[in-house]
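Below: the structure, in structure tokens.
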2 protein chains.
Amino acid sequence: MPQKPQQEAGDAVDVVAAQWRRERPDLGHLDAMALVGRISRANNLMQKGMKPVFAQYGLEFAEFDVLATLCRTGAPYELTAGGLLRSAMVTSGAITNRLDRLEKKGLIERVPHPGDRRAIKVRLTTEGYDLVNTVVEAHVENEARMLAGLTKTERAALDTGLRRLLVSLGDTDLG
Amino acid sequence: MPQKPQQEAGDAVDVVAAQWRRERPDLGHLDAMALVGRISRANNLMQKGMKPVFAQYGLEFAEFDVLATLCRTGAPYELTAGGLLRSAMVTSGAITNRLDRLEKKGLIERVPHPGDRRAIKVRLTTEGYDLVNTVVEAHVENEARMLAGLTKTERAALDTGLRRLLVSLGDTDLG
DNA sequence: GTCAAGTATCTCAACGTTGAGAGATTCTGA
DNA sequence: TCAGAATCTCTCAACGTTGAGATACTTGAC
């Protein structure tokens, strides 16, 4: 009869934690350090795994992020630059840069904001709309593939834990 | 009698997922997309939370990462550049850059590798050793503080899920 | 021994982000 | 109504990473 292993398989962070325990046995909170380290490494691996999919369509992750944010807001696929930067968690300089590149590619256009002349509206062009709707399908397929090593139950448990973490950090909306 | 809420509190990713469901009801794997999004946002928030601690000591995260890697290997606190870049998950150019900066600050030194003249050994100086041992204490305290909104049980469950994910991605050692 | 293949590090240009600051516009309260 | 505070976007220099290529050295097969 198959038995669940008593001992979980170790990952790279277990190695790191063991090294710290040996070198600094007085150091507390190693569990916190390990958890943060796991989030960081998982993010790193996920990003590396996504990059080739976007590259297939001539996009960087940062560019896809903008297009996807506009797409999922629904028609008329418009958002201010400020809305985009808060959603993407980057600074204003980064958004200006991303919009410049996407505008040059003809995937978005900047239109005046009616009612606030400080602001602009960023709008998906037809080309941008078509592209992002294609890319997002390949993208989610790829994400699902990267997570396929976990059971549905494991994924759900992980998801719940991460949601609680985000809520506890105050990350409850996009603005 | 206090009751656990039936409904989990929502985070920013719940908002994103709801937008996609509305705009693209045909899109599958939204659970995978949400999980990846949560890892990304959690990482982003953690990084932002760590930055000020390192800044207090005149360090960037990337620099601390190198010093900490050397420190936790134990005496004589040496590693090759290749070992460092694999541990840090960055490219060779990035490591050269980090080592240049740390060398300029007097926190590490490059010494010839005995037995392989292609390689170098990167060694913590006394100044580097003292600094990293101080900073790491403030750093883990800070990490623990950022995670304090979760119960011990929640943190353990999250940690287990992330370890399984990393193992499933093949991230079982440092190089 | 010799040569091809592999490995270790560094170089360098392209790229993207940060963060401070400027300019323009809108909001707020007296 | 008006001045000061706040907000929105853009500019720009500093910084860090990537990724391809160069250089030097080592290894393995013959």
Side-chain angles (χ1 to χ4, degrees), chain A residues 40-41 43-45 47-52 54-55 58-67 69-70 78-105 108-123 175, chain B residues 40-41 43-45 47-52 54-55 58-67 69-70 78-105 108-123 175:
Chain A
S40 172
R41 287 188 81 92
N43 182 246
N44 201 310
L45 293 168
Q47 292 294 331
K48 283 189 165 70
M50 293 175 188
K51 181 168 256 192
F54 298 130
L59 290 176
E60 298 292 329
F61 171 77
E63 296 172 330
F64 172 78
D65 187 38
V66 170
L67 297 179
T69 303
L70 289 168
E78 286 178 350
L79 229 40
T80 63
L84 284 167
L85 79 84
R86 278 185 292 276
S87 169
M89 303 174 109
V90 296
T91 58
S92 65
I95 280 295
T96 297
N97 187 11
R98 292 181 182 188
L99 296 181
D100 286 349
R101 278 180 284 150
L102 288 167
E103 201 171 31
K104 220 164 278 173
K105 292 186 184 181
I108 61 117
E109 54 189 352
R110 283 186 245 229
V111 301
H113 185 117
D116 188 343
R117 283 187 292 176
R118 291 169 304 180
I120 59 164
K121 274 192 175 298
V122 179
R123 181 158 59 206
Chain B
S40 172
R41 287 188 81 91
N43 182 246
N44 201 311
L45 292 169
Q47 292 293 332
K48 283 190 165 68
M50 292 174 188
K51 182 167 255 192
F54 299 130
L59 290 176
E60 298 293 327
F61 171 76
E63 297 173 329
F64 172 78
D65 187 39
V66 170
L67 298 179
T69 302
L70 290 168
E78 286 178 350
L79 230 41
T80 63
L84 284 167
L85 79 83
R86 278 184 292 276
S87 169
M89 304 174 109
V90 295
T91 57
S92 65
I95 280 296
T96 298
N97 187 11
R98 292 181 182 189
L99 295 180
D100 286 350
R101 279 180 282 149
L102 288 167
E103 201 171 31
K104 220 164 278 173
K105 292 186 183 181
I108 59 117
E109 54 189 352
R110 282 186 246 229
V111 301
H113 185 118
D116 188 343
R117 283 188 291 177
R118 290 169 305 180
I120 58 165
K121 274 192 176 296
V122 179
R123 181 157 59 205

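Proteins get letters first, then strands, A, B, ... in listed order; numbering begins at 1 in each.
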Protein-nucleotide distance ([X], atom [atom1]; [N], atom [atom2]), rounded to Å:
X	N	atom1	atom2	answer
B:Asp100	D:dT17	CG	C1'	14 Å
A:Glu60	D:dT17	CD	P	17 Å
A:Asn97	D:dC10	CG	P	11 Å
A:Glu103	D:dC10	CD	P	9 Å
A:Leu84	D:dT9	CG	C1'	12 Å
B:Lys105	D:dG16	NZ	P	8 Å
A:Phe61	D:dT17	CZ	P	18 Å
A:Lys104	C:dA14	NZ	P	14 Å

Listed by chain and number, what are the side chain to side chain contact (heavy atoms under 4.5 Å, CB included) partners of A:Lys51, not counting sequence neighbours?
->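 Side chain to side chain contact (heavy atoms under 4.5 Å, CB included) list for A:Lys51, sorted by chain: empty.
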
Residue list, side chain to side chain contact (heavy atoms under 4.5 Å, CB included) with B:Arg123, at least two apart or on another chain =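 Listed in chain order: B:Glu78, B:Glu109, B:Val111.
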
Minimum side-chain heavy-atom gap B:Leu67-B:Leu59 below 4.5 Å =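 In short, these two side chains touch, coming nearer than 4.5 Å.
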
In sequence, state the C-alpha distance, the side-chain angles, and the governing distance for B:Ile108 and B:Glu103, and then conclude on side chain to side chain contact (heavy atoms under 4.5 Å, CB included).
-> CA-CA 5 Å; B:Ile108 59 117; B:Glu103 201 171 31; 4.1 Å; yes

Bend angle of the helix from C:dG1-D:dC30 to C:dA30-D:dT1, end axes from five pairs each (to 10°) =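 Roughly 30°, once rounded to the nearest ten degrees.
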
Can you check whether A:Arg110 has a side-chain N or O nearer than 4.0 Å to OP1 or OP2 of D:dT9?
->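 The answer is no; no side-chain N or O of A:Arg110 sits under 4.0 Å from OP1 or OP2.
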
Minimal non-hydrogen separation, B:Leu70 against B:Val122, with atom names =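 In this case the closest contact between B:Leu70 and B:Val122 is CD2-O, 3.5 Å.
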
Looking at CG of A:Asp116 and OG1 of A:Thr80, how far apart are the two atoms once the value is rounded to the nearest 0.5 Å?
->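 If we round to the nearest 0.5 Å, A:Asp116:CG and A:Thr80:OG1 are 9.0 Å apart.
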
At what distance, to the nearest 0.5 angstrom, does OG1 of B:Thr69 lie from CG of B:Leu84?
->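 Those atoms lie 6.0 Å apart.
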
Picking from D:dT11, C:dC10, D:dT17, which would you name as closest to the side chain of B:Arg101?
->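 That would be D:dT17.
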
Show the numbers, then the answer: is there a salt bridge (charged side-chain N to carboxylate O under 4.0 Å, His left out) between B:Arg101 and B:Glu60?
-> CA-CA 10 Å; B:Arg101 279 180 282 149; B:Glu60 298 293 327; over 6 Å; no

Taking distance alone, no hydrogens or angles, what donor-acceptor pairs closer than 3.5 Å link side-chain atoms of residues 85-98 of chain A to residues at least two apart or in another chain?
from, atom 1, to, atom 2, distance (Å)
A:Ser87, OG, A:Arg72, NH2, 3.3
A:Thr96, OG1, A:Ser92, O, 3.2
A:Arg98, NH1, A:Asp65, OD2, 3.4

N/O-N/O pairs, protein side and nucleotides 18-20 of chain C side, under 3.5 Å:
from, atom 1, to, atom 2, distance (Å)
C:dT18, OP2, A:Thr91, N, 2.9
C:dT18, OP2, A:Thr91, OG1, 3.0

Provide a list of protein-nucleic acid N or O atom pairs under 3.5 angstrom, restricted to nucleotides 26-29 of chain C.
from, atom 1, to, atom 2, distance (Å)
C:dT26, OP1, A:Arg117, N, 3.1

